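The structure appears right after this line, and notes come after that.
Note on naming: letters A, B, ... go to the chains in the order of the sequence lines (proteins, then strands), and numbering restarts at 1 for each one. Everything numeric in this text was worked out from a predicted model, so none of it was measured.
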Amino acid sequence: MASLELQGLTKKYGDFTAVDHIDLAVRDGEMVALLGGSGCGKTTILNMIAGFIDQYEGSVLVDGKDMKHIPAYKRKMGVFFQNYALFPHMNTFDNVAFGLKMQKLAKSLIQEKVRRILQLVKLTGMEKRFPRELSGGQQQRVALARALVTEPALLLLDEPLSNLDAKLRVEMQIEIKRIHRELGLTTIIVTHDQEEAVSLADRVIVMNAGRIMQAGKPKEVFDRPANLFVGDFMGFSNFIAGQVRRVAGARVSVACSDRELVLDEADGTGLAAGDSVTLAIRPENILPAEKGAENALTGTVRNVTYKGTVTRLEIGDVFAETVFANIHESEDYEIGDAITVAFPSQKLLLYKKEEKRSE
Amino acid sequence: MASLELQGLTKKYGDFTAVDHIDLAVRDGEMVALLGGSGCGKTTILNMIAGFIDQYEGSVLVDGKDMKHIPAYKRKMGVFFQNYALFPHMNTFDNVAFGLKMQKLAKSLIQEKVRRILQLVKLTGMEKRFPRELSGGQQQRVALARALVTEPALLLLDEPLSNLDAKLRVEMQIEIKRIHRELGLTTIIVTHDQEEAVSLADRVIVMNAGRIMQAGKPKEVFDRPANLFVGDFMGFSNFIAGQVRRVAGARVSVACSDRELVLDEADGTGLAAGDSVTLAIRPENILPAEKGAENALTGTVRNVTYKGTVTRLEIGDVFAETVFANIHESEDYEIGDAITVAFPSQKLLLYKKEEKRSE
Amino acid sequence: MSDKRVGWFSTTIATLVFIFLLAPLAVIVLASFSPTPLVVFPPRGFSLQWYMNIFSSSTNFLSGFGNSVEVAVIATAIDVILGVTAALSVSRHPFKGKELLVSFFTSPMYVPSIAFAFVLLQIFSQIGSVPGLVKILLGHLVIIMPYIVRNTLSVLSGFNWTLENAAASLGASPLETFAKVTLPLIKPGVIAGAMLAFLYSFDEAVLSSLLSSPTFVTLPIRIMNYMEFSFDPTLAAISTVLILMSLLLMILLEKLTGLDMFLK
Amino acid sequence: MMTLTKQNKQLLLLALPTVLALTAFFVVPMAYILVDTLKADGTKYFQKFFTDAMYRGILKTTVLVSLQVTAISLLLGYPTAYFMARTRSRMKNILLIVIIFPFLVSAVVRSYGWMVILGGRGLLNQLLMATGLIQQPLTILNTSTAVIIGLVHLLIPYMILSITGVIQNIDPNVERAAYSLNANPLQTFFRVTLPLSAPGIISGCILVFTMSMTSYVTPKLLGGSKFRMMSTMVFQEVNINFNWGFASAISYILLFTILIILLFATYATAGANQRVGGGKRV
Amino acid sequence: ADKAPKDFKGATLVVATWGFTAANVRELSKNFEKTYNCKVVVDETSGNSDRLNKIMAQRKNPEIDVALMTDIFAAIGNKQGVFEKINPKVVTNLKHLYKFAKNGEGYGPCYSVVRYGIIYDAGMVKVPPKSYKDLFSGKYNGQLSLPDMASTAGPYLLVTLAQKAGGSATNVEPGFKLLKANKDHVKQWYLTSSEVQTAFSTGEISVAVFMDMNMPTLKKSGLNVKWVDPKEGDFSAAATINVVKDCKNPELAQLFVNYFLSDAVQNQVADRLNEAPTNKNAKMSAEKQEYLAYGQKAMNSLKKFDWNFINANKAAWIERFQKEVAVQK
Ligand SMILES: Nc1ncnc2c1ncn2[C@@H]1O[C@H](COP(=O)(O)OP(=O)(O)OP(=O)(O)O)[C@@H](O)[C@H]1O
Ligand SMILES: Nc1ncnc2c1ncn2[C@@H]1O[C@H](COP(=O)(O)OP(=O)(O)OP(=O)(O)O)[C@@H](O)[C@H]1O
Ligand SMILES: NCCCCNCCCN
Ligand SMILES: [Mg+2]
Ligand SMILES: [Mg+2]
């Protein structure tokens, strides 16, 4: 129903560049997740797409048409605002029905649609409440219902589920996904929840300081971050400095603090023995192992944090860097214990030295 | 520095009871996490503790003293508001410095304290920005800094990290934890993030519809939910109806849809063969297994969702109920595949039939 | 005056309204330079004689001006306190009888000044000798109250009361909360009300003329007296001077404070 | 509506000095004289007023003119206030001063300005005849039209200032939300902006209406002797006929008329005022 | 008169007058202050009615000692008992006044007088009116400005017209008929003199029944205005000087009245106040004589009215006037 293209989109506030030459094409019916640190420009991008900011550089094209002179109300985009922006003088029903009334739908149809969407966001019975009489999460769901109920061709959602508990959140994710699929709505969703991003979106965009760092399929971005910044952001909390020992096609071995790790499926192109590299691995990919297994190394437990489904261990004496491992086993670890963990060779990522990691 | 006790705390809005006879004692220096569905009354409880709601039943005691007639400003509680409540006419610095100025601290000291806390929440350089010039997450951090900087004996945090990305969120969690420990602040934190709750808090309170459903150590609540509601809320997404076959101390075997599961460490007291029960297990505790292993059953993959570190499988043909499993292996599953999964006997929880699960 | 943010409709109406507001004033400014005592349009020549008249001791405009400023400043200062506290007291929580109380605070507006002036005149006459300043001041205190209450109420209606909670949680006493949080945010309404009240008092003639004493006369009375007989452009000259003075004052204030005090 | 809570009562204490001041300096004197009037003349003058078609007609004229003045001030004042609240024009401060300019000019002098403009050979007629729009000069001065023009000029600043502050406080995202839901600027205005500015509108209308009801100088000077409003009659009884009793009676009739109309208006707009506010983020 | 004047050291005499005359009254009082070693404070309470209302309201605590006031208003005050009778033993200058200036009942006398007549703009009017009756000849329709019944001169005009049309001072019915018949021809019923001045200057009107004292202002503005003494005679509005009953300085007040009627002060009335003095000995410049009443003959031709009759009927006349003549538009 609608494709979207951003060309060199840029927004400056005085000297400060909030959004910096964003190029992005969103296919009709695609769901794109926008990820990025706080203040990296996500909301600003949505505001420009929706037509709320009129001074910017570059262009926003919908179905190939430049939106520059199309006012917001003619763009027919559904927007969920990060701060909800509920109409304070309208109750839940009227807030949600607003867009439908603008479409001049029949009263009975409006009532039916509102009833259904409120059921979906689990707010049945709250129709008469005003925003100030609702809890934070309830307000958020009213705003979500309001944005979804009109089934806009282009949907912009700015952290729509941030104030919901895990269970409700998953339920809402499923509903958003279902609506998206059934109606083929082109959707951009801003979220700080990576799991949400990868499970909802067809494509994930990771931003930093106004720029796109990586855009790709969820699995790609999640498993193969294009650079150290994205890796760090996507939860590769372990970064280990090393030097290439041997390159044999996709199999590379790297010396890290006088130990050696072997990588499978690494991109060996342009790598030579002696190159300085950084290896990255997720804490949840480090597994307890038997001594002598591939990439199994022994260290000392420095700290143990219970985190529900996993236990987070800080392990020293492996490399110069502390290793963080999220262990699933219910076995009890204690500080000072010796522990052997494996760094699965397919889970290790390799980055050449010059790439920077920090923001 | 401050202990807190709630006795029969109740808040009604007309006919609707938002908070329903809450009894809770928070020890000096304890950090308690308040968990519960959207609209269950968390914010309302904090508002009563802080002294913002003056019509309520029951009492709030701080260090044994009834707060009924103590106005909010004399209670010296640090509050983080779910909707931030930043002062729109003050820039970041002035927002954060407000509490310190009220304490009449020396100017240089105020500057130093603000500088340090802003560094901590990573907002150095934003001192002069007004709230409307900050992104959602930045606003949230200003509000957090404002609540923390005065080092109040009692700290009430209402979803302080909901708008931050995963990485920043963990960093902030660590800072909150550190400040809490170093200063021994008694803290109540509302969060919808279970991992946050269990990794931060000394105790977790799970609420529903204004009441406390379970209060206990994180591990307790997370691993041994007191009832089906808490289990469901804490992520035990699989509920399997069954009938007790045999009880042998802590070892119970249960028939579920013509298959049989064995439980270790179950509380067999009062159970007899033939009793109707419900078994619960987390998706992440269901593991791919060899046929013939204990509690290993074979079914068909119905749906596969990539969720980053795990892959969520919907498995049919095991019980009448669909089984959800979060599988860690990177192996690829496809819809229609046959799959054998084990239900580890120590990870299965058993609930007697009469307990209700839904809200 | 064009601004994309606003739209042509409001811009056009606003432009027309400003022309409408200024038109009679422009006439008055022009008239003040008329060479003849009765102004003819278009004026035949140019003269500053009426401006000299303002300062002549026989018209006594200067002392009247001083007295007017004195009354208006004191009355406005007291009423800002009384009016804002009154508005605050009824705004935060809804309660039965709120509208009634608001009507009470604004009731002096519902009575013609002459009627109230007369009532006061009779009362004061029974009390005995009360200084003119006090009589006029008390009268003005009452009649300008509604403007401050009304304007404060309307900004308070959109006030986010959570902010007061936030301030309280940070240890700000009610007074500090008011001074540092509430007041700065409702300032536009308070200033608007205070401005209207001040100007109302400054311009009030009916009540003042009945309550004035031989030794205390305000500018509007002097103007009225002057006008009773001669309608020469001296009054136009005074008006022009007042307009100019306020313009300078505002520009000065803006330069000094660096921000627009009314419109944030 | 809630019953008074403790906090509420404490807050109400804040109003005590105001209540006392108004009671002492306004209510008590007014009531005292009312009682005096009733004691001296009974309801004689009230009866006179209501049995005489001329006086009833004047009351009707007063109400009608005030309603027209209020409506025009609102229709012109609202867009102006909107402009003031939303423009980033550098002239904003100047415009603000312009709005309060008229107050610096005594109502009498201002009326003089209007006489020059609206007179039979006034500037307006000269302009219209020069442009050929009219052949015969229009009679505007000494008609209700002139009075309405003068009163709007006098009172529209109250409307503008009352509304501007309220519009400024509306969260811009709320209007954006309406746009995103396909509401055109007009719909957004009528369904979102306007209802949210209701407190300012109500306040402005009350100010303008009551001031118009009690106005004296403008109707006298621009309406001439064939145009009379309630205050004209009060002045006449006080200053020409020295009939204080009748003057009081007319004043109280005016006061009660205003109160009744306001009561009615308050009832009609109760919802609008209450719904607004609260629950919003910075 | 031979005795040395009494010393009133420390006394403050409050004299209430029109705002626009305040400066001149202050000026005129200088010698009085010197003579009696007292202070004269001038209270400028704009109109007659404001002054009278103030005095009536302050019966119990008079703030004012001496009040200057138009005759017809003073008559109300006399009737209401707020003024003291004049003591002829102190106010010896009474004897120099024209007869009409003395109050029959012994209340405050007139110290000056202004005439109402017809003023027209010769630039606009070809054939000037000669009498009040001429005003309604049809030639001046739409250009007329007449006093409203609620103004000081309104009832005078009514009575004058009534007498001309077959009525009398006590039968005003014919006057009302005449006004009613011509109501649509009158452009302006004025209440204050400034309205007339403005209307002249904007060309709204060209003929008015107006006061002589306004001539200089109109002339100075370049208007070619002319004065007509109507055939029916001029009617006058005289200014009286009154002592407030139970005032704080009764003795000094009487002395002030006497002082105000003295030749020395009366000689200055025409120049300072632009009104005609009522002391027979008073001199007047030729320039003033052009439009102010001067000399026995002029003074005798001034029409007299029965103020008490007018005052008793004024309210009813106003009401009738508003219902039948200046009908609400
Ligand atoms: N003024 C009010 N009138 C009626 N009901 C109210 C009012 N304020 C809150 N409620 C209701 O009280 C309940 C508790 O609200 P509260 O804000 O405490 O929830 P919460 O647990 O903080 O939820 P969330 O996680 O969504 O923020 C909600 O169901 C809400 O709808
Ligand atoms: N009016 C303004 N003036 C100056 N800087 C601004 C203004 N508005 C936004 N910014 C800055 O622009 C940057 C981008 O803001 P934006 O709201 O798009 O961030 P975001 O990616 O949505 O962040 P978050 O996840 O915290 O909501 C931020 O650093 C913010 O501080
Ligand atoms: N300067 C504004 C004049 C407004 C008119 N009067 C209202 C009467 C109040 N009692
Ligand atoms: Mg954002
Ligand atoms: Mg909440």
Side-chain angles (χ1 to χ4, degrees), chain C residues 1 3 5-6 9-11 13-14 17-18 21 23-25 27-28 41 82 85-86 88-89 92-96 99 108-112 114-115 118-120 123 138 142 150-151 154-155 157-158 160 188-189 192 195-196 199 203 220 223 227 235 239 242-243 246-247 250 254 260 262-263, chain D residues 1-2 4 8 11-12 14-15 17-18 21 25-26 29-30 33 76 79-80 82-83 86-87 89 91-93 96-98 100-106 108-110 113-114 116-117 123 158 161-162 165-166 169 199-200 203 207 210 214 231 234-235 238 251 254-255 258-259 266 276-277 280:
Chain C
M1 232 171 94
D3 193 319
R5 248 169 287 268
V6 185
F9 181 76
S10 308
T11 310
I13 299 280
V17 166
F18 284 113
L21 282 173
L25 305 187
V27 167
I28 290 158
F41 271 90
L82 292 179
T85 50
L88 276 175
S89 74
R92 181 145 188 184
H93 310 280
F95 60 92
K96 270 202 194 88
E99 285 304 324
M109 231 170 45
Y110 313 154
V111 179
I114 179 74
F118 214 71
V119 163
L120 279 189
I123 301 284
L138 283 177
V142 170
R150 266 279 149 218
N151 277 280
S154 61
V155 274
S157 71
N160 179 2
M195 237 154 41
L196 294 173
L199 290 164
D203 187 31
I223 290 179
M227 204 156 36
L235 299 181
S239 306
L242 287 178
I243 288 175
S246 68
L247 197 62
M250 291 290 198
E254 202 200 325
D260 33 354
F262 170 66
L263 301 162
Chain D
M1 295 277 164
M2 283 191 261
L4 289 177
N8 226 323
L11 259 177
L12 278 178
L14 263 185
T18 319
F25 303 128
F26 180 67
M30 289 295 292
I33 299 298
L76 295 179
T80 311
Y82 188 85
F83 179 88
R86 289 293 157 82
T87 184
S89 156
M91 287 177 68
K92 194 160 168 169
N93 283 309
L96 173 71
I97 305 169
V98 168
I100 63 158
F101 267 172
F103 293 96
L104 295 162
V105 180
S106 109
V108 185
V109 180
R110 236 180 310 177
W114 280 118
V116 170
I117 293 175
L123 297 177
Y158 290 91
L161 291 184
S162 295
V166 178
N169 280 339
S203 176
L207 284 175
T210 52
T214 61
S231 285
V234 177
F235 263 81
V238 170
S251 300
L254 180 56
L255 169 66
I258 294 175
L259 278 177
T266 305
V276 185
K280 69 171 182 186

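In this structure, chain D has a heavy atom under 4.5 Å from the side chain of C/Ile28, while its backbone stays farther away. Contact annotation for C/Leu25: only side-chain heavy atoms (C-beta onward) come within less than 4.5 Å of a heavy atom of chain D. With a 4.5 angstrom heavy-atom cutoff, D/Leu207 touches chain C via backbone and side-chain atoms both. The contact between D/Val238 and chain C is made entirely by side chain atoms (from C-beta outward), counting heavy-atom distances below 4.5 Å. Contact of D/Val116 with chain C is made through the side chain alone, with heavy-atom distances under 4.5 Å. For a residue to count as touching a neighbouring chain, one of its non-hydrogen atoms must lie under 4.5 Å from one of that chain's; by this rule D/Ile258 touches chain C with the side chain only. Only the side chain of D/Ile97 comes within contact range of chain C, judged by heavy atoms closer than 4.5 Å.
Here the CD1-CD1 distance, from D/Ile100 to C/Ile243, works out to 10.5 Å after rounding to the nearest 0.5 Å.
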Assess whether side-chain contact (heavy atoms from CB on, under 4.5 Å) is satisfied between D/Trp114 and C/Val27, documenting all intermediate values.
CA-CA 8 Å; D/Trp114 280 118; C/Val27 167; over 6 Å; no
Would D/Arg110 and C/Asp203 count as a side-chain contact (heavy atoms from CB on, under 4.5 Å) here? Give the steps.
CA-CA 12 Å; D/Arg110 236 180 310 177; C/Asp203 187 31; 3.9 Å; yes
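Looking only at side-chain heavy atoms (C-beta outward), C/Leu120 and D/Phe25 stay at 4.5 Å or farther from each other. Counting only heavy atoms from C-beta outward, the side chains of C/Val111 and D/Thr214 never approach each other to under 4.5 Å. Using a 4.5 Å heavy-atom cutoff, the side chains of C/Arg150 and D/Thr210 are not in contact. Between D/Phe101 and C/Leu247 the shortest side-chain heavy-atom distance falls below 4.5 Å.
Comparing C/Leu88, C/Ile114, C/Val17 by how many heavy-atom pairs each has under 4.5 Å with chain D, the most go to C/Ile114. The most heavy-atom pairs under 4.5 Å with chain C, out of D/Ala15, D/Pro17, D/Ser231, come from D/Ala15. Ranked by heavy-atom pairs under 4.5 Å with chain C, the first of D/Leu259, D/Ile33, D/Val166 is D/Ile33.
For the residue pair C/Tyr110 and D/Leu255, the shortest heavy atom distance occurs at CB-CD1, 3.5 Å. Closest approach of D/Leu254 to C/Pro112, counting heavy atoms only: CD2-CG, 3.4 Å. Across every non-hydrogen atom of D/Pro29 and C/Ile123, the tightest pair is CB-CG1, 3.9 Å. Residue C/Ser239 comes nearest to D/Val105 through the heavy atom pair OG-CG1, 3.6 Å, listed as atom of the first residue, atom of the second, then distance. Shown here for D/Thr18 and C/Leu82, the closest heavy-atom pair between the two residues is OG1-O, 2.8 Å. Nearest heavy atoms, D/Pro79 versus C/Ser10: O-CB, 3.6 Å.
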